[in-house]
Amino acid sequence: FVVIGLVLGLQKQVDNFGIYVFSGVATVQTFNGAVTKATRSLSKNSTLIRRVNVPIEALPIASVIASTVREKAALLILVIASVLYGWRPNHLIYVPYCIGGIVLLLVFASGLGMITAVAAMYVKDTQYAVQTLTMLVRWASPVIYPWMLVEKILPPWLTTVYLSNPVTVALFGVSETFWVPTVGAAAVSEKMKPLTTMTIILS
């Protein structure tokens with residue numbers, strides 16, 4: 001918020017920049033934590049797998065769910081901050097967007113986590129590749145910058161690919177719930193049209 005928003009002046013382009021950023025950070029952090037934990041789930045429980053007849057896919061999925069529950073503090077902070085910026089109970093109608101986004105995020109994280117968990121059983125360095133992936137995810141989604149900046153430098157087809165990233169779609173769902181009500185849907189529809197379109201598809 002300080003470096004990108006204040007020093008580089010991005011908060012002048014995005015109203016309530018603090019809520020916008022935290023919505024993205026909370027979403028991406030949930031995804032990154034879930035995938036990272038799922039990646040280690042099989043290798044850390046290899047002894048259990050050999051001794052107990054348990055569905056192997058249950059371990060990565062359980063890790064994703066456990067990691068997501070741990071992120072509830074970030075969601076609580078986001079709710080409190082949104083209320084301070086003007087979010088009100090009548091904005092509960094936006095909650096399905098957030099739920100849809102989180103469900104999409106969990107499904108994607110579970111699928112990717114199962115792939116990386118199996119890979120980690122054969123290639124120990126998989127966890128380092130996952131660390132690099134999670135670092136890139138922060139920049140491959142409009143977490144601390146508006147998507148319009150990407151549209152200006154990418155051709156239309158590549159912009160569509162960029163916006164089709166499941167993490168980005170989930171982020172839009174969370175932003176639609178907490179950030180949009182604080183700035184007004186009309187103002188957002190002019191500046192960030194895919195936000196509304198994609199979350200309608202998502203819901």
Side-chain angles (χ1 to χ4, degrees), residues 1 18-83 87 92 94-144 164-179 198-199 202-203:
F1 173 76
I19 301 297
Y20 177 84
V21 167
F22 201 77
S23 296
V25 169
T27 304
V28 170
Q29 185 62 33
T30 298
F31 174 78
N32 287 347
V35 173
T36 301
K37 191 168 180 61
T39 300
R40 303 193 193 109
S41 62
L42 296 183
S43 56
K44 286 181 66 175
N45 296 287
S46 57
T47 304
L48 176 65
I49 294 172
R50 293 190 191 99
R51 293 182 179 179
V52 181
N53 186 16
V54 15
I56 296 178
E57 62 273 11
L59 294 175
I61 294 175
S63 297
V64 167
I65 294 173
S67 178
T68 303
V69 170
R70 259 202 302 274
E71 295 296 333
K72 63 182 180 295
L75 184 60
L76 178 61
I77 294 172
L78 178 58
V79 170
I80 294 172
S82 299
V83 169
W87 197 91
L92 287 171
Y94 292 98
V95 170
Y97 292 128
C98 181
I99 294 174
I102 291 175
V103 169
L104 174 64
L105 198 71
L106 294 183
V107 171
F108 184 49
S110 297
L112 186 59
M114 282 190 272
I115 293 172
T116 56
V118 171
M121 294 290 288
Y122 296 96
V123 182
K124 298 300 180 183
D125 289 341
T126 298
Q127 60 180 333
Y128 301 115
V130 170
Q131 288 175 4
T132 302
L133 173 67
T134 55
M135 180 187 67
L136 293 175
V137 166
R138 295 182 182 276
W139 300 100
S141 296
V143 177
I144 57 176
S164 299
N165 173 5
V167 178
T168 298
V169 178
L171 186 155
F172 283 164
V174 175
S175 294
E176 183 88 7
T177 301
F178 296 103
W179 175 67
M198 296 191 74
T199 46
L202 175 63
S203 63

| Residue pair K37 / S67: nearest heavy atoms and the distance that separates them | CD-CB, 4.0 Å

| said: Which residue in the set T27, N165, V25 passes side chain to side chain contact (heavy atoms under 4.5 Å, CB included) when paired with L171? | reply: T27

| field | Reference residue W179; test ring-ring contact (aromatic ring centres under 6.0 Å, His included); the match among Y97, Y20, Y94 | value | Y20

| What is the minimum heavy-atom distance between V143 and R138, and which atoms define it? | CG2-O, 3.6 Å

| said: So does Y128 get a backbone contact from the side chain of T132, meaning a donor-acceptor N/O pair under 3.5 Å? | reply: yes

| query | Is the backbone N or O of Q131 less than 3.5 Å from a side-chain atom of T134, with the two atoms forming a donor-acceptor pair by type? | reply | yes

| request: For S175 and S23, work out which heavy atoms get closest and say how close. | output: OG-CB, 3.8 Å

| note | Interatomic distance, CD1@I80 vs CH2@W87, rounded to 0.5 Å, equals 12.5 Å

| Single hit among L112, T116, N32 for side chain to side chain contact (heavy atoms under 4.5 Å, CB included) with L133 | L112

| message | Counting only heavy atoms from other residues, nucleotides and ligands, does the tally under 6.0 Å from CD1 of I56 exceed 12? | response | no

| said: Rounded at 0.5 Å granularity, tell me how far OG in S43 sits from OH in Y122. | reply: 12.5 Å

| task | Can you measure from OG1 (T68) to CD (Q29) and round to the nearest 0.5 angstrom? | result | 11.0 Å

| field | Flag side-chain contact, heavy atom, 4.5 Å: P166 against L105 | value | no

| Heavy-atom pair of closest approach, residues L42 and P60 | CD2-CD, 4.1 Å

| message | How long is the straight-line distance from OG1 of T30 back to CZ of R70, given to the nearest 0.5 Å? | response | 11.0 Å

| query | When rounded to the nearest 0.5 angstrom, what distance separates CD1 in I19 from OG in S82? | reply | 4.0 Å

| query | Heavy-atom distance under 4.5 Å between the side chains of I144 and W139, does that happen here? | reply | yes

| query | Hey, what do you get for OG (S41) to CE (M114), rounding to the nearest 0.5 Å? | reply | 9.5 Å

| field | Side-chain touch V28/V167, heavy atoms, less than 4.5 angstrom | value | yes

| remark: Here the pair of heavy atoms bringing K124 nearest to M121 is NZ-O, 4.3 Å

| task | List the atom of A38, the atom of V64, and the distance in Å for their closest heavy-atom pair. | result | CB-CG2, 3.9 Å

